[in-house]
Amino acid sequence: MKPIFRLRALAAVILPFFSPGGGTAFAQDTSTLKEVTVTGNPLGATDLVAPAVQYSGPALLLRSQTTLGETLSGTPGVSSSYFGPNASRPVIRGQDGDRIRILSNSGASVDASGLSFDHAVTADPISIERVEVLRGAGALQYGGSAVGGVVNVIDNRIPREPSPGFNGKADLGLASANRERGAGLLLEGGTERFGLHADVFDRRTQDVRVPASLACTQAGVTRFASRICNSASHVDGGAMGGSLFWDDGYLGASAGTYRNRYGTVAEDEVTINMRSNRYALEGEVRKLGGALQSIKGQLSRTDYQHTEFEAGAPGTVFSNKGTDWRLEARHAKLGALDGVIGLQGESNRFSADGSEAFAPYSRTRSNALFATEELATSWGKLTFGARAESVKVESFGNPAIARFVPASRSFTPGSVAAGALWNVAPQWQLTGNLAATQRAPKDYELFADGPHVATGAWELGNPLLQKEKSTNLDLGLQWKSGPHNAKASVFSNRFDNYVSLEATGNTRGPDALPEFAYRQVRARFSGAEAGGTVRLLDAGQTLDVELRGDLVRADNLDTGQPLPRIAPVRAGATLAWARGAWGARLGFDRAAAQTRVPAGDRATGGYTLWNAAVTWRTKAAGADLLWYARLDNAGDRLAYSASSILTQTAPGKAPLPGRSFKLGLQAAF
């Protein structure tokens, strides 16, 4: 029996035996729930100074795609690196790669997705309970690599609070554009003194349908079809975890595995077989008394590897093994001052072997001391943050490739931030953030020297790179009156020595690939983002209009040229209706043409994508059921992403998916 059918059968057998329990939050109407974003403030404040957003329950379900980047794309300020439907990282305010920190339950997520656009993130939306996005200066506490922002993926695999009894959820979904068949099952149970968690998921897709005829060459035969060649995938995984509780704390552990087999779309006969095993330990002691109120610790170990297969034969193998630990202590209040001090350490060993090993074996070790303080005032609050790091990056060369030579660099990045929240009036809040951030260059930025198919170039590192320094300013205004709300913010990030991959005009290697080298240039990112909800009807039923929009302008100040892969001006609106157990949504997202591109790059045309969804809640066999139907790209519009490297390196090869109808069920019991 195939795994997906085993999951469906298991769900069908288990559901009738459980009564409704504590695991039904995802089936509730999230319009009545308070938004809680914990990543941006370890003090647990609900009013955050830094721009932040979180998705869970139906809000996450109705935007969920096959990758984390596409799931979050469309959030004001967030786009996607879109390397086809299987590999995509979030792009926040124009910044991508290792300037965006992806976390797993606030700990490091170790993979190779920052190294190359075709490497998938080891987090699948089918297994996520909640995802939080933190933009701007508030991301400082997670290091210089979070200068662009933080995405925290939360899964509750280590229970943090007692939940006596048994509960769980099952998730089934079918989609048309990629012939998706997905299923997941989560079970949790315990007493006041212990908690257990188990989850398993499986999703299979075929080549994605698009409104165009695309060429595909496999085994020497070229064919044309209205599908993205080599875009099929199969992802599965699961985890088990448990915690022991006492009156003022807990201690828990988890072990999880993630597998993903997918085509790279840039190469018709190259597939990637990825696996990641993660082990985590977490605990907290509260109500200590004295100088410290609580201490929280985290430790994780990840073993990641993926092999690239060319026409079925094993090719380049990438491996990354990492350990991450974090210790936070909340000190006793000093008058109106509340805060957290902490230590964090990370160690990673990376290797690549094969014809596309463009980066050498390396080891990166970092340790950091950080502090976040908050001062309550009669008019709002002030926040302060600082972080000091020690980073060592070592290259060990590669025994099979003579051009790599051993080398080592050490850096001491330091970052500081200050923010304020002013309650201007009962319904109005004004926020401001200012941060000076430093980032140590990554191993590949320092030591790369080889062909990189994802960028279509020979990439050359620069071992003389210095710490990347930036100054970030963010101003925001928020209004809320009953069901009505609106947010707007403007930002400016100026880099003294931004690490940029620049064309040299040379060619390298037997295929005469254009040479691109890492250089440091002055750069500026600026822009604005806005969103809000207006209730049009509230009498036995509700009708809201949701508005959103953003723009980013990014420039290389040394050359006067725009920086590459920047999303265009975007705007969207959605009508959301609800009455009793029923809900419906109809909306569009408009992306303008992107003509501000570096010399030699291709511009992208504008497009409008229409989307719709219907939900229905009911009960059966002791379970709360949420049925949903979703229609994406209803007009079957041909569109290309301006923030995707494929738009430049493989033009026309990987448009955004065409019209897709998805039918699904979530059951909480």
Side-chain angles (χ1 to χ4, degrees), residues 7-8 10-36 54-65 71 125-126 128-131 156 163 165-176 180-188 482-485 533-547 573-588 610-632 634 660-669:
L7 287 169
R8 291 172 178 167
L10 183 58
V13 171
I14 290 177
L15 281 173
F17 289 91
F18 289 89
S19 60
T24 62
F26 79 94
Q28 298 173 2
D29 183 356
T30 56
S31 65
T32 65
L33 299 178
K34 182 183 291 185
E35 181 177 291
V36 178
Q54 70 91 22
Y55 296 109
S56 61
L60 177 60
L61 178 71
L62 294 180
R63 67 182 303 118
S64 179
Q65 302 291 338
T71 296
I126 197 173
I128 295 173
E129 291 291 302
R130 185 169 84 251
V131 59
N156 200 44
S163 180
F166 292 91
N167 58 76
K169 74 172 184 178
D171 190 337
L172 303 174
L174 308 171
S176 63
E180 177 183 341
R181 304 293 184 269
L185 178 66
L186 178 152
L187 297 174
E188 292 182 341
H484 312 292
N485 63 81
T533 300
V534 177
R535 179 148 293 180
L536 305 176
L537 179 65
D538 195 354
Q541 57 185 326
T542 61
L543 180 64
D544 296 337
V545 58
E546 301 170 358
L547 303 172
T574 299
L575 282 173
W577 171 84
R579 180 172 183 175
W582 288 91
R585 299 174 63 83
L586 174 65
F588 70 89
W610 286 86
N611 306 286
V614 176
T615 60
W616 178 53
R617 295 180 176 86
T618 186
K619 290 181 178 288
D624 293 330
L625 306 181
L626 174 61
W627 294 89
Y628 66 93
R630 198 176 84 196
L631 182 63
D632 296 330
S660 179
F661 177 74
K662 185 171 184 178
L663 180 65
L665 167 66
Q666 278 195 341
F669 47 89

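No hydrogens, no waters, no symmetry mates; every other heavy atom, side chains included, goes into these values. Nothing fancy with the numbering, it's 1 onward along the sequence.
- With sequence neighbours excluded, no residue forms a ring pair (Phe, Tyr, Trp, His ring centres under 6.0 Å) with Phe661.
- Every residue two or more places apart in sequence or in another chain was checked for a salt bridge (charged side-chain N to carboxylate O under 4.0 Å, His left out) with Arg63, and none qualifies.
- The side-chain heavy atoms of Gln65 and Asp632, taken from C-beta on, include a pair separated by under 4.5 Å.
- Taking every heavy atom of both residues into account, Tyr628 and Leu665 meet most closely at CE2-N, 3.6 Å.
- Remark: Glu129 engages Lys169 in a salt bridge (charged side-chain N to carboxylate O under 4.0 Å, His left out) (not counting sequence neighbours).
- For Arg630 (side chain) and Ser64 (main-chain N/O), a donor-acceptor pair under 3.5 Å exists by modelled atom type.
- Here the shortest heavy-atom pairing between Leu60 and Thr71 reads CD1-CG2, 4.0 Å.
- The distance from the CG atom of Leu185 to the CG atom of Asp171 is 10.0 Å, given to the nearest 0.5 Å.
- Taking the side chain to side chain contact (heavy atoms under 4.5 Å, CB included) definition, one finds that Val534 meets it with His484, Leu536, Val545, sequence neighbours left out.
- Contacts of Trp577 classified as side chain to side chain donor-acceptor pair (under 3.5 Å), with partners at least two apart in sequence or in another chain: Gln541.
- Thr574 is linked by a side chain to side chain donor-acceptor pair (under 3.5 Å) to Arg548, counting only residues two or more places apart in sequence or in another chain.
- Summarising the geometry of Lys662 relative to Gly173, their closest heavy-atom pair is CE-CA, 4.3 Å, with the distance given to 0.1 Å.
- To the nearest 0.5 Å, atoms CG (Leu626) and CG (Leu61) are separated by 6.0 Å.
- Under the rule for a side chain to side chain donor-acceptor pair (under 3.5 Å), the partners of Asn156 that lie at least two apart in sequence or sit in another chain are Glu188.
- The CG atom of Leu174 sits 6.0 Å away from the CG atom of Leu663 when rounded to the nearest 0.5 Å.
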